[in-house]
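First the proteins, then the strands, lettered A, B, ... as listed; each starts at 1. None of the values given here were measured: they were computed from a predicted structure.
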Amino acid sequence: MTSKILRTSYLFTNTLSKNCSNFKNVSGTIQYSTVHAMKKDDHKPGSTIDQEDLNKFTKQTEYWWDPSGPAKALHSFNMIRVPFVRDGLVQCALNERNPTPLKNKKILDIGCGGGILSEALAKIGATVTGIDANKDMIDVAQRHSESNTKLVNKPNYCCTTIEDHVSNYRNYYDGVVASEVIEHVNNQELFVKSCIEALKPGGRIFFTTPNRTRMTQVFGIWVAEYVLNIVPKGTHQYEKFITPNELTFLLERNNCHVEVVYGTMYNVLLNKWDFVNFQTFMYALQAEKLEIKK
Amino acid sequence: MLLRKSVHRLFATTLKESRTAHACRALSSINEDNVREKYDVIIAGGGMVGCTLACAMGKNSLLSNLKVLLLEGSPNQTFELKPEYSNRVVALNQNTKSLMNSLKVWRHVENARLQPVRHMQVWDASSDALISFNSSEISDDDLAYIVENDLLLHAVNTELMSSDIRNVKIVYGAKIAEYQLAKSTKESSTDNLVKMSNGDVYACQLLIGADGANSAVRKAMGVQYLSWNYDQMGVVATLHLAEPIENNTAWQRWLPTGPVALLPLDSTRSSLVWSTWQDKAKELLKLPDELFVDALNDALWKQYPRSSSVDACMSWLGSWLKKAGLPDGEARQLPPSIMSIAPNSRAAFPLGFGHSTRYVAPGVALVGDAAHRVHPLAGQGVNLGFGDVKDLTTFLADAIYTGCEITHHSWLQRYESSRQRHNVPTQIAVDALHRLYTLDLPPVVLARSLGLQLTNALHPVKAAVDALHRLYTLDLPPVVLARSLGLQLTNALHPVKAAVDALHRLYTLDLPPVVLARSLGLQLTNALHPVKAAVDALHRLYTLDLPPVVLARSLGLQLTNALHPVKAAVDALHRLYTLDLPPVVLARSLGLQLTNALHPVKAAVDALHRLYTLDLPPVVLARSLGLQLTNALHPVKAAVDALHRLYTLDLPPVVLARSLGLQLTNALHPVKVHYPSSTR
C-alpha cells in the first residue's frame with residue numbers, strides 16, 4: 001500500500017512538473033520527451049498494454065451491453081462518433097444516401113471492448129475488425145455479435161495488441177478508430193505509430209479521448225468516478241491523458257495530417273453527447289495518412 | 001450513495017405506476033401467432049398528412065428500403081376533377097409547397113388547379129382597424145396557395161401509386177380494432193401490433209399515428225392531451241361572386257362572433273370559412289341559399305355597434321399617421337360581393353384546440369392533427385402537419401444513416417422536440433388571436449385596433465418582422481400579425497421555451513442517475529461557472545507568448561510552487577479519492593453525507609418534480625407556458641390574502657367567526673397533538 005501511495009504522489013508531482021515543462025516549451029522535442037516519459041518502468045518496453053488497466057475492464061463485462069447500465073455513456077457516444085467516423089470516410093449528397101454508406105470500407109476498431117462501436121460501424125456497412133488485448137472483452141463482443149440476429153454484417157474480433165496485429169495488416173485499413181483507448185495505453189508513441197502502419201495511405205485515423213486538463217481531472221475523474229459514480233472507479237488515470245497538441249505532434253511525426261479536432265462534451269443529465277467548440281474536457285481528432293513517404 | 005438510495009426510493013413508486021399502466025395495456029393481449037405480416041412502419045390514417053408521409057418515405061433514398069403499410073379507413077375512391085370546387089380547401093404555405101415540390105406532388109396540383117394568394121386584407125368589424133399584406137412587399141412570392149383537400153390528396157396518391165415507390169402497401173377500408181404498443185425491456189423490444197376488426201394482425205417496429213384529432217393511436221399511447229372546444233363551428237361553402245375579378249386576395253373580417261374569411265378559388269369563385277358560435281352555425285346551415293347569402297354579405301359589410309371612444313382614438317391615430325405620411329388605413333380595398341352559393345356546398349365542422357404533451361412513445365410517433373389541432377383562422381393546421389412529415393422523415397433518415405433503429409429514442413425525441421418548438425408557439429399564437437378578437441370590451445377593441453393600425457402603417461417594421469419571421473419558419477402572415485399585435489408571445493417565449501423544454505425533459509426522465517443528477521445539477525452548474533472562467537483565463541495566460549505575459553506566468557508558477565499549502569491541499573484531495581484506506585473512506589463518506597445534507601434543496605426539487613408529474617391539463621398547460629411558478633403561488637397567495645382580510649376587517653360577524661375559529665382550533669388541542677403522530 002505504501003508503495004502505491006508513493007507512486008501516486010510521485011505521478012502527481014510528476015504531472016505537475018510535466019505541465020510546467022509543456023508550458024515553457026512549445027517546441028516538439030520537449031513534448032515528445034514528455035510523452036515518452038509517460039512510459040512506466042514496470043512494463044516491458046515495446047508493449048502498449050497496461051495490465052492493471054486491462055484487469056479493470058474485466059470486472060465490467062456483464063454490464064457492457066446494457067444501454068442504461070454503467071456503459072450507457074459509451075452507448076450514447078455512438079450517436080456522435082458513428083457520424084464522425086462515417087463523415088470522415090465518406091461524404092454523400094443528401095439524396096444519394098443509402099443505409100450502408102461505409103460499404104467496402106475496412107475499419108480497424110482498436111480497443112473495441114465489448115464491441116459497442118464495432119457493431120454500430122458494421123451496421124452501416126463497414127468491414128470491421130475489432131481488436132482488444134482483453135480476452136474477456138473480446139468474448140463479450142463475440143458473444144453479442146453472434147446473438148445479435150439483426151446484425152448481418154458481423155465484425156471480426158481478435159484478441160491481440162495493435163503492434164502484433166499490424167505485422168500482418170500493414171497498409172491495409174481505410175479507417176482506424178481508437179475511441180477512448182489511448183488514455184489506457186502504455187507507450188503512446190508506439191501505439192500511434194502502429195495504428196498508422198495499419199492504415200492505407202490516404203486512409204483516416206480517428207481518436208476520441210479526454211484532454212489532460214485540470215477540468216478533466218476534477219470532473220472527468222473525481223466527480224464522475226467518485227461522486228456521481230457514472231464512470232466505474234479507477235477507469236481513468238489523469239497522468240495517462242494526452243492533450244490534442246501532443247497527439248497532433250505524434251501523428252505528424254508519423255506522416256499524418258490532422259484534419260479536424262472537435263471538442264466533445266457529455267451531458268450527464270440527458271445522457272447525450274455533443275460536439276462543442278472547446279476541448280477542455282474531451283476531444284475527437286481526425287487525421288489523414290499522407291501518400292508521400294518521408 | 002445515501003442520496004442515490006433515497007432518490008431511488010422516491011421514484012420507485014412512480015416507476016411502479018408506469019409499470020402497472022404497461023400491464024393494463026398488455027392485458028388486452030393480441031395473440032402474436034395471428035400476425036399476418038410484419039412491417040417496419042405502419043401509418044395509421046391515410047389522410048393528407050398520412051399519405052404525404054408514406055410518399056416521403058417512399059421517395060427518401062434512406063427510407064425506401066423500409067416496408068411501409070398505410071392503413072386508411074375509407075374505401076379507395078376514384079377522383080375526378082369536377083367543374084364545381086369542393087367546399088373543403090386548405091391554404092398551403094411556401095414550406096409545404098417546397099415539401100410537395102421535393103416529392104414531385106406539386107406538379108400534379110399545378111396541372112389541375114390551384115389559386116395563389118398574393119394579397120391579404122384583415123380588418124376588424126368593431127373598429128376601422130385594418131392590415132394588408134402584399135406578396136411584393138414581403139418576398140415577391142405568393143403568400144399562400146388555395147388547394148382543395150381532395151385534389152391535394154389525389155395528387156399525393158398519384159405519386160404514391162407511381163412506379164417510383166415500391167415499398168409502400170396501402171390497405172383501404174381498414175377497420176382497426178385495437179393497438180398493442182411495443183414494450184421495450186433492457187434486452188429487446190417487442191413489435192407494435194395492430195389488430196384489424198376482420199382478425200388480421202399486423203406487426204411493425206414503428207407505428208405512426210396520422211389518424212386525426214380523435215387519434216386512437218394517441219389514446220393507446222396514454223399521453224396527456226390538452227384540449228378545449230371553442231364552442232364554435234366553421235361553416236364552409238363555395239361562393240359565386242357577383243362579377244369576375246382578379247381574384248388573388250384573401251379576405252378576413254373579424255366579427256365579434258369570430259372571423260369570416262374568403263379564400264380565392266378562381267376569377268368568379270371563392271371559398272368561405274366562417275367561424276361562429278355553434279347555435280349560429282346551425283342556424284346558418286338551415287337557412288335557404290338566398291338568405292344565407294344575405295347573412296354572409298351582412299357579415300362582410302354590416303356596421304357593427306362601435307364604441308365612440310375607440311373611434312375617437314382611432315381617428316386621432318389616423319390623423320397623426322396621415323401627418324407623418326404613413327398609410328392611415330383609409331385607402332382600403334373592398335371585398336367582393338357574393339351573388340350566390342354553389343348548391344349543397346354548405347357544411348360545418350367543430351373547432352377546437354388540442355395539444356398532445358408527447359408526440360412520441362417507444363416505437364410510436366404522432367403526426368398532424370393527432371398531435372396538434374388549431375383554430376383554422378390562420379390556415380395553419382395542415383401546414384403544421386406537413387412540417388411534421390418533413391421533420392420526421394429527416395430524423396428517421398438520419399437514424400438509418402447512423403446505423404440506428406428507426407425506433408431509436410434519441411431520434412424520436414429530436415423529432416418531438418423540434419416539432420413542439422415550432423408547433424406549440426404557433427398554436428398558442430393562433431389561440432391568443434382568437435381570444436383577442438372574440439372579446440368585445442372597448443379597451444380590448446381599442447388595443448387591438450391601435451395595434452393593427454400601427455402595424456399596417458409601419459411598413460418597414462412590418463417587412464422586417466415578416467422577413468425575420470420568414471427566415472425562421474416561412475409561415476403565413478396571420479402569425480406575423482399575431483406577433484405584431486403586441487402579443488409577441490411567440491418571441492418572448494423563445495428562450496423560456498427552450499429552457500422549459502430542457503427542464504421538462506429533465507424532469508420527465510425517471511432514471512435514478514438522472515434524478516440524482518438533476519438534484520445536483522443546479523449546484524454543479526452554478527459551481528462550474530467560476531471554475532470554467534478561471535480555467536479559461538489560465539488557458540489564455542498560457543497560450544500567449546508576449547514577454548510580459550510570460551514573465552507573469554513564470555512568476556505565477558513560482559508563486560504557486562511557493563504556495564505549498566495549496567498544493568498540499570490539492571494533493572490531499574487527490575489522495576482522498578484514490579486511497580482505499582478505511583479512515584480515508586470514512587472521510588470521503590462524510591463528505592458525501594454533506595451532500596446529503598442538502599436535504600431542503602432535494603425536497604424542493606422533489607416538490608417541483610411532483611408538480612411536473614401531475615396529470616391535470618391546467619398544470620400541464622401552465623408549465624408549458626413557463627407560468628408554473630405563478631400557478632404554484634396562486635393558492636398560497638390567495639390563502640395568505642384571505643387570512644389578511646379576515647384579520648383586518650372589523651365587522652362583528654367576521655370578528656365573531658375568527659374568534660370562534662381560533663377558539664375551536666385551540667380547543668381541538670388533543671387532535672392537534674395526536675394528528676402528526678397518527679399519520680407517522
Side-chain angles (χ1 to χ4, degrees), chain A residues 1 4-5 8-9 12-13 16 19-20 22-24 26 65-69 72 76 78-80 82-83 86 92 94-102 119-125 150 213-215 217-219 221-223 225-230 233-234 238 268-272 278 280, chain B residues 1 4 59-65 102 186-187 397-398 400-405 408 410-411 502 505-506 509 511 513-514 516-518 520-521 524 528 531-532 534-536 538-539 541-543 545 550 553-554 557 560-561 567 570-571 573-581 588 591-592 595:
Chain A
M1 194 51 84
K4 204 178 167 192
I5 300 169
T8 325
S9 69
F12 192 69
T13 41
L16 271 181
N19 281 356
C20 303
N22 270 358
F23 294 136
K24 278 176 203 153
V26 194
W65 274 98
D66 178 1
S68 50
K72 68 169 185 170
S76 65
N78 274 359
M79 298 302 124
I80 66 163
V82 171
R86 178 195 69 202
C92 201
L94 206 60
N95 52 0
E96 288 161 4
R97 289 182 176 171
N98 63 66
T100 53
L102 292 184
E119 283 195 19
L121 290 172
K123 214 163 176 188
I124 53 173
K150 281 177 187 167
T213 61
R214 290 294 162 201
M215 292 299 276
Q217 183 172 28
V218 174
F219 292 99
I221 301 180
W222 295 349
V223 174
E225 293 183 15
Y226 295 92
V227 181
L228 295 176
N229 287 332
I230 49 170
K233 277 175 194 148
Y238 174 73
V268 186
L269 310 176
L270 301 175
N271 186 26
K272 186 167 171 274
F278 53 90
T280 324
Chain B
M1 241 335 147
R4 270 180 69 132
K59 297 258 173 168
N60 189 301
S61 63
L62 282 160
L63 300 175
S64 56
N65 294 322
S102 71
K186 260 182 191 173
E187 300 303 314
D398 207 32
I400 290 183
Y401 195 50
T402 313
C404 291
E405 303 286 329
H408 197 285
S410 175
W411 269 270
R505 266 149 220 292
L506 184 65
L509 266 181
L511 299 171
V514 175
L516 174 70
R518 73 184 175 225
L520 290 174
L524 257 166
L528 255 169
V531 177
K532 221 167 70 189
V535 167
D536 195 51
L538 217 65
H539 173 80
L541 186 65
Y542 276 99
T543 45
D545 245 354
V550 173
R553 77 184 177 219
S554 302
L557 213 59
T560 315
N561 203 31
K567 222 169 67 187
V570 169
D571 198 51
L573 214 66
H574 176 81
R575 268 152 209 280
L576 185 66
Y577 276 97
T578 46
L579 277 181
D580 260 347
L581 291 172
R588 71 179 184 235
L592 229 50
T595 320

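For A/L102, no part lies near chain B; criterion is any non-hydrogen pair under 4.5 Å. With a 4.5 Å cut-off on non-hydrogen atoms, A/E96 touches chain B through its backbone but not through its side chain. Heavy atoms closer than 4.5 Å to chain A are found in both the backbone and the side chain of B/T402. Both the backbone and the side chain of A/R97 come within contact range of chain B, each with at least one heavy atom under 4.5 Å from a heavy atom of that chain.
Partners of B/N60 by side chain to side chain donor-acceptor pair (under 3.5 Å), not counting sequence neighbours: none found. With sequence neighbours excluded, no residue forms a side chain to side chain donor-acceptor pair (under 3.5 Å) with B/N65.
Using a 4.0 Å cut-off between charged side-chain N and carboxylate O, B/E405 and A/K123 make a salt bridge.
Each of A/I124, A/T100, A/V218 has some count of heavy-atom pairs under 4.5 Å with chain B, and the biggest count is that of A/I124.
B/S61 and A/N95 share no side-chain donor-acceptor pair at under 3.5 Å.
Counting only distance, with no hydrogens or angles, the side chain of A/Q217 and the backbone of A/Y238 share no donor-acceptor pair below 3.5 Å.
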